[in-house]
Amino acid sequence: MPLLDLRQYIEALRNLGEIQEVAAPVSLDLELGAIIRHCSETGSPAPLFSAFSDHPSGFRILGAPAATSAQRGLAMVRVATSLELPPTSSGIEIAEAIAASLDLPAINPQIVDSAPCFENISTGDDVDLNRLPVPLLHDGDGGRYLNTFGCIVARTPDGSWTNWSIARIMVVDGKRMTGLVSPQQHIGMVAKAWADLGKPMPFALALGVEPSIPFICAMPLPAKVDESGRLGALMGRPIRTVRCRTVGLEAPASAEILIEGYLHLDEKTKEGPMGEYPGYIPTEPAQDGPVYHVSAISHRNDAILPVVAAGEPVEENHTVWGTMISAQILHDLRAAGIPATTAWIPQQSAMHWLVVTLPRDWRRRTGIDAAQALCQRIGEVMFSTKAGVIVPKVIVLNDDINPDDLKELVWAFATRCHPLLGHAVFRDEPEDPLVAYLRTNEKIAASTGKVVYNCLPPDEWGEALPVRASFRHGYPAEIVDRVKRRWSEYGFM
């Protein structure tokens, strides 16, 4: 059944053993963030907090909404459930389904007359962000972050492009927020179009939306492609939206909390630092960020705020953003004539690796004779797209390797990658400044070197692959089947 709001999603997770009610009061200052971090790192159920020791009642918080699970065979159950796929789906299977949807026609959203978020509305002088339970997530964060898993809605002045995105947003005071608005990101492009007219950008921030929406907000679609229509294609139904009260936008009607206002690029205040997806809390001082002026706050009764505590893998940057980038790159490589079996960002790599696997007959399929030339072509395709901006290191392997199996991947990279031969090196490519190892000049330029590692067999082997000395690959199929059938007979559990 379709999951049309966050509450339906929570009930679906509860039935799967993936929700932990936390009735004991917890502090929004670090304690809540520490609990979410521990849940993410241990694969514990998503915590649903209902009481805070330092904030009035009336709101709830859902932590780790799309983190991985420790349940056997259900590692990606929250991701799969969010996208209405079978709960046992693997990350690679999920990415394949998303990539396939990119060739389907868009299904535009459906505007509805009203929504539950308008049960409580504050505008003008009544606006007060401090009424919301905004946590201090990491020891070292420069402020309290309200948006870690919400949908920012923005539209170009001519109305031709409506962008849905995720970017961190920090509360400044009762009526102002700030956050990362990179000029290379689509929200920055839309904001600049308004600034070029001498106007602030109208925005809506929808928090606690139906579970599939944060995924499309994280997907690196090409510029001027509406995320709402692509999500409709993925889910097979139009996404419901509702008209905002104080800005000329439509926002997801499923929102638990809806914040409206105007983003001023020409007004600055200090933003950050914040613990982020590479797994570090930056030591640099706060940077200047543009100011969001809030004109309205609406919310449901007993509203639920989803919260991600970013950091070391695995958390939602890696499960959501990583899965969507993998799907987009898989689609882009195939569209360019590269017969990728899989393109997958291993979650433990914190978005720094992408693995591309290929069938042994890739030479015949591509007309490319040498592995280094193939790696060069893969890099040219990847790094020319928005999806390829994030990932600095690409590993190219044959498809006998499962890139979602970390043990198998580490072994293959260690034993198949010649340290000197066949790699494709790219210099001065666009890169996310949040990548931890970048030097100061690279962060400022948002540019660095990238590499495509050749882990394919030597060209002189042709289509031959190394013979693997493993249970699955090193014995005849009938022996493998016999051992599996007789395993308990041998005395093993």
Side-chain angles (χ1 to χ4, degrees), residues 92 278 322 325-326 329-330 332-385 387-432 435-439 442 447-470 472-474:
I92 290 174
I325 292 174
S326 299
I329 291 175
L330 179 60
D332 293 345
L333 289 174
R334 289 173 175 171
I338 296 170
T341 312
T342 302
W344 180 247
I345 295 175
Q347 292 164 351
Q348 295 81 359
S349 76
M351 312 291 292
H352 288 55
W353 289 1
L354 179 125
V355 183
V356 176
T357 63
L358 297 157
R360 66 173 69 197
D361 64 349
W362 58 264
R363 290 177 178 83
R364 283 184 283 157
R365 296 196 190 191
T366 62
I368 299 173
D369 291 332
Q372 184 171 22
L374 177 69
C375 291
Q376 180 73 28
R377 179 61 181 147
I378 288 172
E380 289 169 353
V381 172
M382 267 194 58
F383 302 146
S384 66
T385 67
V389 167
I390 299 301
V391 183
K393 303 168 188 176
V394 182
I395 300 170
V396 181
L397 288 157
N398 280 109
D399 60 9
D400 66 307
I401 298 299
N402 175 10
D404 199 21
D405 183 329
L406 195 60
K407 291 193 300 181
E408 202 169 306
L409 176 59
V410 170
W411 168 75
F413 184 70
T415 61
R416 299 188 183 187
C417 182
H418 191 291
L420 300 177
L421 301 179
H423 314 309
V425 177
F426 294 77
R427 304 184 186 280
D428 299 322
E429 295 289 337
E431 183 54 82
D432 185 352
V435 168
Y437 64 74
L438 295 184
R439 280 37 179 178
E442 293 177 307
S447 177
T448 190
K450 299 189 176 187
V451 62
V452 180
Y453 290 106
N454 170 30
C455 302
L456 297 168
D459 290 332
E460 63 198 55
W461 290 20
E463 293 185 4
L465 295 182
V467 178
R468 296 174 57 173
S470 67
R472 184 159 58 99
H473 296 89

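Along the sequence shown, the residues carry numbers beginning at 1. Given the structure is predicted, the values throughout are model-derived calculations rather than measurements.
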Peer 1: Do the side-chain N and O atoms of E431 and T448 include a donor-acceptor pair separated by under 3.5 angstrom?
Peer 2: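 On atom types as modelled, these side chains do not qualify, holding no pair under 3.5 Å.
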
Peer 1: Where do I395 and W353 land on the side chain to side chain contact (heavy atoms under 4.5 Å, CB included) test, with the steps shown first?
Peer 2: CA-CA 7 Å; I395 300 170; W353 289 1; 3.7 Å; yes

Peer 1: Answer yes or no: is there a side-chain heavy-atom contact under 4.5 Å between S447 and E442?
Peer 2: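 The answer is no; the side chains never approach within 4.5 Å.
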
Peer 1: Do C375 and Q372 make a side-chain contact, defined as non-hydrogen atoms from C-beta onward lying under 4.5 Å apart?
Peer 2: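 No; the side chains remain at least 4.5 Å from each other.
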
Peer 1: Please check this pair: side chain of S326 against backbone of I345, looking for a donor-acceptor N/O pair closer than 3.5 Å.
Peer 2: yes

Peer 1: Output yes when a side-chain donor or acceptor of K450 lies under 3.5 Å from a complementary backbone atom of A424, and no otherwise.
Peer 2: no

Peer 1: Mind checking the OG1-CG spacing from T385 to D332? Nearest 0.5 Å is all I need.
Peer 2: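 It comes to 5.0 Å.
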
Peer 1: In Å and rounded to the nearest 0.5 Å, what is the CZ to CE distance from F426 to M382?
Peer 2: 9.5 Å

Peer 1: Do Q347 and L406 pass the side chain to side chain contact (heavy atoms under 4.5 Å, CB included) test, and can you show the C-alpha distance, the side-chain angles, and the key distance before you say yes or no?
Peer 2: CA-CA 9 Å; Q347 292 164 351; L406 195 60; over 6 Å; no

Peer 1: Pairing donors with acceptors under 3.5 angstrom, does anything connect the side chains of D399 and T341?
Peer 2: yes

Peer 1: To the nearest 0.5 Å, tell me how far N398 CG sits from R360 CZ.
Peer 2: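 Output value for this atom pair is 7.5 Å.
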
Peer 1: Measure the CD1-CZ distance between I378 and F383 for me, rounded to the nearest 0.5 Å.
Peer 2: 10.0 Å

Peer 1: Tell me whether R468 contacts the main-chain N or O of D400 through its side chain, where contact means a donor paired with an acceptor under 3.5 Å.
Peer 2: yes

Peer 1: Applying side chain to side chain contact (heavy atoms under 4.5 Å, CB included) to I92 and N402, what does each step give before you reach the verdict?
Peer 2: CA-CA 9 Å; I92 290 174; N402 175 10; 3.4 Å; yes

Peer 1: Using atom types as modelled and distance alone, determine if a side-chain donor or acceptor of R439 lies under 3.5 Å from a backbone N or O of Y437.
Peer 2: yes

Peer 1: Could you pull out the closest heavy-atom pair between A343 and L330, with the gap in Å?
Peer 2: N-CD1, 3.7 Å

Peer 1: Quick one: are D404 and P346 in side-chain contact, heavy atoms under 4.5 Å?
Peer 2: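 Answer no - side chains too far apart.
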
Peer 1: Please check this pair: side chain of R363 against backbone of D369, looking for a donor-acceptor N/O pair closer than 3.5 Å.
Peer 2: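 Answer holds: yes.
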
Peer 1: Measuring only between side-chain heavy atoms, which start at C-beta, is W362 closer than 4.5 Å to E463?
Peer 2: no

Peer 1: Which atom pair, heavy atoms only, marks the closest approach of A340 to R334?
Peer 2: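 Smallest heavy-atom distance, with atoms named: O-NE, 3.1 Å.
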
Peer 1: Test side chain to side chain contact (heavy atoms under 4.5 Å, CB included) on V451 and V394; report intermediate values, then the result.
Peer 2: CA-CA 6 Å; V451 62; V394 182; over 6 Å; no

Peer 1: Within the side chain of E429, is there an N or O that forms a donor-acceptor pair under 3.5 Å with the backbone of G449?
Peer 2: no

Peer 1: Has the side chain of T342 got a donor or acceptor atom that lies under 3.5 Å from a matching backbone atom of W344?
Peer 2: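 Pair absent, no side-chain N/O of T342 close to backbone of W344.
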
Peer 1: Return the SG to CG distance between C455 and L397, rounded to the nearest 0.5 Å.
Peer 2: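 Reported value, rounded in 0.5 Å steps: 4.5 Å.
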
Peer 1: Ignoring hydrogens and angles, state whether a donor on the side chain of H352 or S349 is under 3.5 Å from an acceptor on the partner side chain.
Peer 2: no

Peer 1: Do V452 and K393 have side chains that approach each other closer than 4.5 Å (heavy atoms only, starting at C-beta)?
Peer 2: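 No. Closest side-chain heavy atoms not under 4.5 Å.
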
Peer 1: With side chains defined as the heavy atoms from C-beta onward, is the minimum distance between C417 and N454 less than 4.5 Å?
Peer 2: no

Peer 1: Just verifying a value: how many Å separate L374 CG and D459 CG, rounded to the nearest 0.5 Å?
Peer 2: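 Here the rounded value is 9.5 Å.
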
Peer 1: Grab the two heavy atoms, one from L465 and one from P457, that are nearest each other, plus how far apart they are.
Peer 2: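 Heavy-atom minimum between the residues: CD2-CG, 3.9 Å.
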
Peer 1: Quick one: are I338 and L358 in side-chain contact, heavy atoms under 4.5 Å?
Peer 2: yes

Peer 1: Could you tell me whether the side chain of V355 reaches within less than 4.5 Å of the side chain of L409, counting heavy atoms only?
Peer 2: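 Yes, close enough: below the 4.5 Å cut-off.
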
Peer 1: Would you find a donor on one side and an acceptor on the other, under 3.5 Å apart, between the side chain of E408 and the backbone of D405?
Peer 2: no

